[in-house]
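Every chain is numbered from 1 and lettered A, B, ... according to where its sequence line falls, protein lines coming before strand lines. Since we're looking at a predicted model, the values are computed, not measured.
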Protein chains: 2
Amino acid sequence: MSGIPSAGPQPADLWPEVQPDAARRLMLAGVESFARRGYHATTTRDIAATAGMSPAALYVHFPSKAALLFTISRSGHEQVLGLAQQAIDEAGDPATAIHDLVERFTTWHAQRHTIARVVQYELEALPEQEYGVVASLRKDIERLVRDVLDRGVADGVFTVGDAGTAARAVLSLGVDVARWYTDRSRLTPEELGREYGHLVLRMLGAATGERP
Amino acid sequence: MSGIPSAGPQPADLWPEVQPDAARRLMLAGVESFARRGYHATTTRDIAATAGMSPAALYVHFPSKAALLFTISRSGHEQVLGLAQQAIDEAGDPATAIHDLVERFTTWHAQRHTIARVVQYELEALPEQEYGVVASLRKDIERLVRDVLDRGVADGVFTVGDAGTAARAVLSLGVDVARWYTDRSRLTPEELGREYGHLVLRMLGAATGERP
DNA sequence: ATCCGCGCTGAGCGCTCGCTTACACTGCTG
DNA sequence: CAGCAGTGTAAGCGAGCGCTCAGCGCGGAT
């Protein structure tokens, strides 16, 4: 159905547009630290040390530790939203759309599992206003999936008891990948994405013409 | 297939065996605080205030804040392991076993979503030794699911590309419920459990004799 | 040659953290 | 009644936190 080539597993080329270079290094260091220990257990000294700078350097580029998290989180959510939207736009029918969306969504969460962990599990640490921005992006993503599911049910390709619950389940599978996937996991991000795309179609009652 | 009656949505009767009463109130306060803000963002003063005591009272019953988390986490993991084991023991075949396991697992995570959040998402805050104990319980749970899946594949009732990946997916669905479920969610824990039990059977390629 | 402004640092401020200590109250036991 | 174990508190210690600030080095414009 889709078959996206891997963009490379390293996050080195994340945020190529962020200027100056030091700000990007701080974001990278923040992702690393937040993912490993969690936002609240991470100190600004940790982040600075990982980025090879003094603690005060953080405040030259970001007004606060929370603002650094927000920049990371918003960017990640925008990437995911874009990737979901693209999968839907490029697909002709709901089954292909859901399949490709799940495949790319899952692959992204496995490939970028460090940033994905921050994106999915540290958003409650955001200040109220910033949280609102991110929450709105999350609603957009859920709405996208929900709408495709509704179309599929209307077309008779999906059979689900409750579309809202099914949408949650579809996203849950991909989101949870960020929790358990590591670089030592047996399947590559692409293999996992393909497998999950398949599982989800079956879960939704869409015949995929398979047999072992 | 199963149909477990709800044990009551309130966690008031959790840990009825914990003595003295003040220790249980502290655990309850800890669960509440850890779930809402996360372990590291929770202060011992928060916990004590929620339990209606002075900060020093915590140390009468627990040697440290981390020990309180450990007590909560271990107990929760033991409950989940027990519930999974029981579902398997009571079922005659792999399909029924997986269905009932997912149903009870999901219902538990929705009904006890506050403690489930702590159990599933705060374990990395545990000290190394305590983490080991909990990690071992988690391995037991995963092994349980994995074994049932293997049996089902051998019997020809399940069709999956990779049993390990499928086991992860099955557990992911239930675990992630703790992240998004709230008391205001549209489906009751029991309804959600039934729906997820159904979805998982279909995901595993087990015909359930359904049609809308 | 001088100046400016950006990127960065060393030092440290004010505060809150987990936890300890000294002590008080209660009810039970001899 | 004295003694004691169990349960609680008020006060506060030392450490580490997020963040600030005065100043420094340096490349480019004047």
I want to verify a distance call: between [options], whose nearest atom is closest to the [X] side chain?
{"X": "A:V60", "options": "C:dT9, C:dG18, D:dC19", "result": "C:dT9"}
{"X": "B:A22", "options": "C:dC19, D:dC19, D:dG8", "result": "D:dG8"}
{"X": "B:A57", "options": "C:dG7, D:dT20, D:dT9", "result": "D:dT9"}
{"X": "A:P20", "options": "C:dT20, C:dG7, D:dT9", "result": "C:dG7"}
{"X": "A:A56", "options": "C:dC8, C:dG18, D:dC21", "result": "D:dC21"}

Between [atom2] of [N] and [atom1] of [X], the distance in whole Å:
{"X": "A:I47", "N": "D:dG16", "atom1": "CD1", "atom2": "P", "value": "18 Å"}
{"X": "A:L58", "N": "D:dG18", "atom1": "CG", "atom2": "C1'", "value": "10 Å"}
{"X": "B:L68", "N": "C:dC19", "atom1": "CG", "atom2": "P", "value": "11 Å"}
{"X": "A:K65", "N": "C:dT16", "atom1": "NZ", "atom2": "C1'", "value": "13 Å"}
{"X": "B:Y59", "N": "C:dT21", "atom1": "OH", "atom2": "P", "value": "13 Å"}
{"X": "A:H61", "N": "C:dG7", "atom1": "NE2", "atom2": "P", "value": "6 Å"}
{"X": "A:F62", "N": "C:dC8", "atom1": "CZ", "atom2": "C1'", "value": "15 Å"}
{"X": "A:L26", "N": "C:dG7", "atom1": "CG", "atom2": "P", "value": "12 Å"}

- prompt: Is it the case that B:K65 places NZ or CZ above or below the six-membered ring of B:Y39, under 6.0 angstrom from the centre and within 45 degrees of the axis?
  reply: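 Here B:K65 passes the 6.0 Å and 45° test against B:Y39.
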
task: Quick one: label A:S54 by what it contacts on the DNA or RNA (base, sugar-phosphate, nothing), any heavy atom closer than 4.0 Å.
output: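 Answer is base: heavy atoms of A:S54 come under 4.0 Å of a base.
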
Of all heavy-atom pairs between [X] and [Y], which one has the smallest distance, and what is that distance?
{"X": "B:A163", "Y": "B:D150", "value": "CB-OD1, 3.4 Å"}
{"X": "B:L187", "Y": "B:Y181", "value": "O-OH, 2.7 Å"}
{"X": "B:A166", "Y": "B:L149", "value": "CB-CD2, 3.6 Å"}

- prompt: Hey, does the side chain of A:T44 come within less than 4.0 Å of D:dC19's phosphate (OP1/OP2), counting only N and O?
  reply: no

query: Where each residue is assigned the nucleotide of DNA chain C containing its nearest heavy atom, which of A:R45 and A:G52 is assigned the position nearer the 5′ end?
result: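 First, find each residue's nearest nucleotide; the 5'-ward one identifies A:G52.
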
message: Taking the nucleotide of DNA chain D with the nearest heavy atom to each, does A:T42 or B:M53 sit closer to the 5' end?
response: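 Nearer the 5' end of the strand: B:M53.
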
field: B:E195 bridged to A:R168 by N-O distance under 4.0 Å
entry: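 So B:E195 does not pair with A:R168 through a salt bridge.
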
